[in-house]
Amino acid sequence: MGAGKHFNQVWRSLSKDSNRRILLIIGLGFDPRCLKGLEGMIRAGAIPNGCRAVEYGSGRPDRNEGLIALAESNKQRLEAILPQDKVQKVQVRTLSDDGRNVGGRRIVEAFNSPQDYVGYTDVVVDISALPPGLYFPLIGTLLQLAARSFHNLHVIVSDNPALDSSIVAEGGDRAEMIVGFESGTERAATADPLHVWAPVLGEEAHSQLRAISSHRDWTLIHPVLPFPSKNPRRGDELVTSYYDLLFDEWQIEPEDFIYANEQNPFDVYRALVSLSVSVRSSLDSIGTPQVYVSSHSSKLMSLGALLAAFEEKLGVVHVQPSSYFIDSSNREDSDGELYEVWLAGEPYATP
Amino acid sequence: MQRNPFRVQTSEHASNQEEFLSLFGSEVLEILPKDGLWNRLLILEAAPGAGKSTILRLFTPEVLKEVHRNRARPENLGLIDRLENFDAVSTRGPLVLGTLVSCRGQYAAIDDLELSHAEKRRWFFGLLDARVTLLTLRSVCTFAGLQYPNDLDKLTIPSLGSSTDTARSSLNGFELYQKAAAREDSLATAIDSLTSHEVCEDSFRTQLSALRIFSGPQFEMSGVYLPEICLTMFDDVQDLTPWQQAELVKDLQNRDIRTARWMARRLDVLSIDELLQSGGTDGRDYQCRRMEDWARGNRAKFRRLLETIADRRIRKTDLGVNNFASLLDSDLTTQSEINGATAASEKTREDVLAAHGDEFAYSSWIKVTEADYKDKPDAHLESAKHWRALDIITNRRRPKREARLSHEPRPPDDLYHQKTSDVLTAAELLVALDHRLPFYYSFPRISGLASSNIEQFLRIGGAIFDKLLLLQVTGRRSNISATEQDQIARRLARAAIEALPRDVPFGSEVQRLVQSIGTYSREVTTREAASYSPGVIGVGLRQSQFELLLDDEEIQHRAELGRLRDVLRSSIAHNVLEARGPKKVKGHSWMVFYLNRLLSPAFRLPVVSSQFQEIAMSDMLTWLTYGYRPPSRQERLLP
C-alpha cells in the first residue's frame with residue numbers, strides 16, 4: 001500500500017515498466033476528489049492508457065443545481081487532462097423505474113466482460129467519487145476477473161474523512177445486501193443461523209444503522225471504531241454520538257468494540273477476518289454463524305471491509321440513499337491524501 | 001447502568017420470546033378481522049414502526065408456545081383471551097402453525113437480471129416457493145421441539161394438493177427439505193453471482209406449490225401433535241417489485257390454496273391514489289386492514305394500547321413504578337408555572353376588558369366569567385383559558401357591529417354554548433403562546449404526538465425516560481413537570497424535522513414542504529378570531545388539482561408535478577404527512593395532508609385537530625422550491 005509520497009513512489013516505479021498498460025476506472029460526478037487520483041498518477045509519470053469514467057445517476061432530473069455544476073466542472077477538467085479518445089464514458093443508472101436500487105447490478109454488467117480488459121496489465125479503480133453501492137460490486141467483479149484477465153488490480157482513493165462527513169446521503173432507509181456479497185447469508189435452509197454484524201462506524205449514519213439493525217435479528221453486534229485516527233478523539237465522539245443506539249438498543253458491552261486503524265485498510269481487513277474466524281470457531285457448536293459487515297466510515301476503511309468480505313465470504317449489508325448533497329456548512333478543504341492499495345497480481349504471485 | 005426501556009429493541013426484534021411477550025400490547029390484535037382470518041388472504045398495511053411485523057411474530061410457533069406455557073400469568077390473560085377468540089390457541093396449546101417468510105432480500109434483484117419477464121417470473125416463484133417450503137419445515141421442527149433439518153425424516157406430508165410438481169401419495173420431510181434447499185442454493189447463488197447465472201432447470205416454479213402441498217391433510221409426525229391451521233405470513237412485501245407483489249397477491253387469492261395466508265407491507269410502495277384509499281377495503285378473496293386507520297378510528301383503544309406498552313416497559317426498570325402516565329404532570333404544578341399562569345390569567349383578563357369592556361352586548365358574558373373565576377386563585381390556567389375563549393368568541397362576532405348598538409346583553413348560555421372543547425383548546429394554545437406557558441404535557445397529549453405509530457411513541461417515551469432518570473439521579477423529583485414535557489416535545493419535533501433530509505427519500509424537499517405547511521398552519525391558527533379551532537394542522541388541495549398528480553401524461557409535460565408527487569408519496573409513506581380524503585368542504589372535494597403530530601410542537605400547533613386550510617396547487621409547488629414566506633406587514637395591510 002502506498003500513501004502520500006509513497007503513492008508517488010509506487011506509481012513512479014510502475015511507470016518505468018514500459019510493458020505496463022494501465023486502465024483507470026473513475027467515478028465522474030460532483031465529488032471534488034474524482035480526478036485527484038488521475039492527477040496524482042500523471043504527476044508520478046503513470047499516464048493511463050485508457051480510462052472508463054462512470055457517470056452514475058438515478059435517471060431522474062437532477063434537482064440540485066450546485067451538484068450539477070460541480071459535476072459539469074469535473075467533466076471539463078477530465079477533458080483537459082486526458083485526450084478524449086482515451087476516455088470511455090459508462091452510464092450507470094442507480095435507480096429502477098420503480099425506485100429500487102439497481103446500481104450494483106448495472107455496474108457489474110458494465111464491467112464483467114473479460115474482452116474489455118484485453119491488452120491491459122493493470123486495472124486501477126479510483127473509488128474516491130464512487131458510492132459503496134457501486135464500488136463494492138465493481139471491485140468484487142474485478143477481483144474475480146483479475147486472475148484470468150488483466151492480472152493486476154489496484155484501488156486508489158483520495159481519503160478525506162472530513163469531506164466524507166460533509167457529503168450527506170439523503171433518504172436511505174432500506175437495508176439490502178450488496179450485489180455479489182450475499183455470501184449465502186440469506187438461506188432458509190441454514191440450520192440455526194446466528195447473525196453477527198460488524199458495522200464500521202462513521203459519522204451521521206443513524207438512520208442507516210437503524211435500518212440495518214432492523215434488517216435481521218442480530219445475535220451479536222461488534223461495532224468497529226477507527227483507532228488510531230487523525231482525530232484521536234474520533235472514536236469517543238462516535239460512541240457519544242451513537243450512545244442510545246449502542247447501549248440502550250444494542251446492549252453493547254465495552255469488550256464488543258473492535259478497533260482498526262483509520263488509515264490502513266489492511267488493519268480493518270485483519271480485524272474483520274480475525275472476528276470472522278473467532279466467531280465461526282466459537283459459535284460453530286451452537287449454530288451456523290454468519291458474519292455481516294456494513295461500512296459507514298471513510299472509503300479507506302470500507303476498502304478493508306470489502307477485502308475481508310471477499311476473502312471470508314462475509315455478507316455486506318448496505319443502505320442505498322436516494323441522493324446525495326454536500327453540507328456546505330460542514331465542508332472542508334477537498335484535498336485529501338492519496339492512497340494506493342494493490343489488491344491482486346504480482347505482489348501475491350507464488351514464486 | 002439503567003437502560004432506557006423505551007429504547008430496548010421493539011418487540012418485533014426482542015431477543016427472546018419471554019421478552020417479546022413482556023413488551024407486547026395485545027390491544028393491537030383488535031385490528032385483525034373477526035371472520036375469515038384463516039381462509040381468506042389478509043393484508044396488513046402501515047407506515048414503518050406501526051407494528052405489522054410484531055403482530056406476525058406473535059403467531060410464530062416459538063411465541064405461541066411461550067404464550068401457552070405462561071397462560072396463567074395475569075399479564076397474559078388479555079392476550080390469551082384474544083387469541084382464544086381467534087381460535088389461535090386453546091387450553092391444549094397453539095392451534096396454528098405459523099411460518100414467517102420475509103420478502104426482503106434477493107427477490108427484487110431478480111428483476112435486474114437480463115432475463116425475459118417469463119423467466120423472471122419462474123425464478124421469483126422458484127426462490128419464494130423453496131423458501132416457503134424450508135421455513136414451513138423449520139416451523140414444524142420448532143413447534144415439535146425437534147432439530148432442523150435432521151429430524152425432518154420423522155415428518156410425513158400426506159396426499160398432495162391438486163396442482164403439484166410430482167404426483168406421490170406422501171412426502172418425507174427430509175426429502176422435501178433437500179430438494180428445496182438445492183433449489184434455493186441454485187437460484188440464490190445465481191442471483192448474487194457477479195459473472196454467470198446458471199441455474200438447475202428443476203428450480204423454477206410458476207406458483208407457490210408449497211402452499212398447495214400444505215393444503216392437503218394435516219402433517220404427521222410420529223408422536224407429536226401438530227396444529228391443523230397452517231398459516232404462512234409474508235412480511236415486508238413492499239420489498240418485492242410491483243409485478244412480483246401483484247403476482248403474489250393473485251396467487252395467494254387462489255382457491256386451491258386452503259392454508260391461511262397473511263401479508264404485511266409498508267405504505268411506501270403504493271401508488272399515490274392507492275395510498276389514499278380507505279384501509280378497510282375488502283374483496284371477495286381478501287381482507288385489507290390499514291393500521292393507522294384503525295388507530296385513528298379507535299383513539300381510545302389506541303391510547304390504551306400505548307398505555308399498556310408504556311407500563312410494561314416502565315415496569316422493567318428499577319424505579320418501582322407501574323404506571324407511566326402517573327409520572328407525567330397533568331397540571332401546572334411548579335411555582336414558576338403557577339406564577340406564569342397567574343400572570344397570564346390577570347393579563348388576559350385585562351386585555352379582554354380593555355377590548356370588550358365597553359360593549360354592552362357582551363357585558364353579561366364578562367360578568368359570568370368574572371364570577372366563575374374570581375376568588376379562585378388556584379384556577380389560574382383555567383381562568384386564562386376562559387377569558388381567552390371569551391375573546392375568541394367575541395372577535396368572531398365583531399364584524400357584526402350591531403353588538404355595540406344592541407340594547408340587550410347576550411345571554412350567558414350563548415357563551416357557554418359556543419365555548420366548545422375546540423375553542424377552549426385554541427384558547428389554551430394561544431395563552432401558552434402569548435405567555436410562554438407549556439402546552440404539550442399530560443399523557444393524553446404526549447401520547448397524541450405518537451400520530452398512530454407505536455415506534456414513534458417509543459421514541460417520545462425514550463426521551464421522557466431520559467429526563468426522568470436524570471431527575472431521579474439528581475434527587476430532584478420523581479415526576480416530569482409540564483414545562484419539561486413541553487420542552488421534550490418541542491425538541492423532538494425540531495430534531496425530527498432536521499433529520500428529514502437524511503431519513504426520508506427526497507428529504508430536503510420533504511423538509512421544505514413540512515416547514516411550509518407548519519408555518520402556514522401556525523399563521524392561520526393564531527389569527528385573532530381563531531376561526532379554525534382548535535387550530536389548523538394541515539392543508540388541502542382541491543380534488544381536481546390533486547388528480548393531476550395521478551395523471552402520468554400530465555406529469556410528463558410538467559416536471560414540477562412529478563417532483564411534488566415524489567415528495568408527497570415519500571412524505572406519506574414515511575408518516576411525515578397523513579393523507580386523508582376526499583373531504584367535502586364548502587361544496588368542493590379536497591385531498592388533505594396533515595402534519596405528523598410529532599411535528600406539531602415545532603410550530604406550536606394543537607395535537608388533536610381535523611382542521612385544515614385550503615391552498616392552491618401553485619402554492620404547494622412554490623413552497624416546494626422556495627418554502628412558505630409569510631406575507632410582510634405591508635402585504636397584510638393591502639386590501
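From a predicted model like this one, the values you see are computed outputs, not experimental measurements. Letters A, B, ... mirror the listed sequences (proteins, then strands); counts begin at 1.
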Which bit of A:Val179 is near chain B, if near means a heavy-atom gap under 4.5 Å: side chain, backbone, both or neither? both

Do you know which of B:Gly105, B:Ala180, B:Ser508 has the most heavy-atom pairs under 4.5 Å to chain A? B:Ser508

How far apart are the C-alpha atoms of A:Asp244 and B:Asn4, what are their side-chain angles, what is the distance that settles it, and do they pass the side-chain hydrogen bond (donor to acceptor under 3.5 Å, both in side chains) test? CA-CA 8 Å; A:Asp244 295 342; B:Asn4 188 321; over 6 Å; no

Quick check on A:Arg210 against chain B: is it the side chain, the backbone, both or neither that has a heavy atom closer than 4.5 Å? neither

Below 4.5 Å from any heavy atom of chain B, which atoms of A:Ser183 appear? Answer side chain, backbone, both or neither. backbone

Quick one: what part of A:Ile178 sits under 4.5 Å from any heavy atom of chain B, side chain, backbone, both or neither? backbone

Less than 4.5 Å to any heavy atom of chain B: does that hold for the side chain of A:Phe111, its backbone, both, or neither? neither

With A:Gln208, which residues qualify under side chain to side chain contact (heavy atoms under 4.5 Å, CB included), at least two apart? A:Ala169, A:Ala205, A:His296, A:Val319

What part of B:Tyr177 is in contact with chain A, defined as an atom under 4.5 angstrom from a non-hydrogen atom: side chain, backbone, both or neither? side chain

Members of residues 185-195 of chain A whose heavy atoms come closer than 4.5 Å to chain B: A:Glu186, A:Arg187, A:Ala188, A:Ala189, A:Thr190, A:Ala191, A:Asp192, A:Pro193

State, with a plain yes or no, whether a side-chain heavy atom of A:Gln320 is found less than 4.5 Å away from one of A:Arg174. no

Results of ring pair (Phe, Tyr, Trp, His ring centres under 6.0 Å) for A:Tyr117 - residues two or more places apart only: A:Phe150

List the atom pairs, with distances to 0.1 Å, where a side-chain N or O of residues 131-145 of chain A and a protein N or O form a donor-acceptor pair under 3.5 Å, not counting sequence neighbours.
| unit_1 | atom_1 | unit_2 | atom_2 | d |
| --- | --- | --- | --- | --- |
| A:Tyr135 | OH | A:Ser302 | OG | 2.4 |
| A:Thr141 | OG1 | A:Pro137 | O | 2.7 |

Ring-ring centroid check A:Trp197 A:His215, cutoff 6.0 Å: no

Which one, B:Asp185, B:Leu135, B:Asp111, leads in non-hydrogen pairs under 4.5 Å with chain A? B:Asp185

Which one wins on heavy-atom pair count under 4.5 Å against chain A: B:Ala181, B:Pro501, B:Gly507? B:Pro501

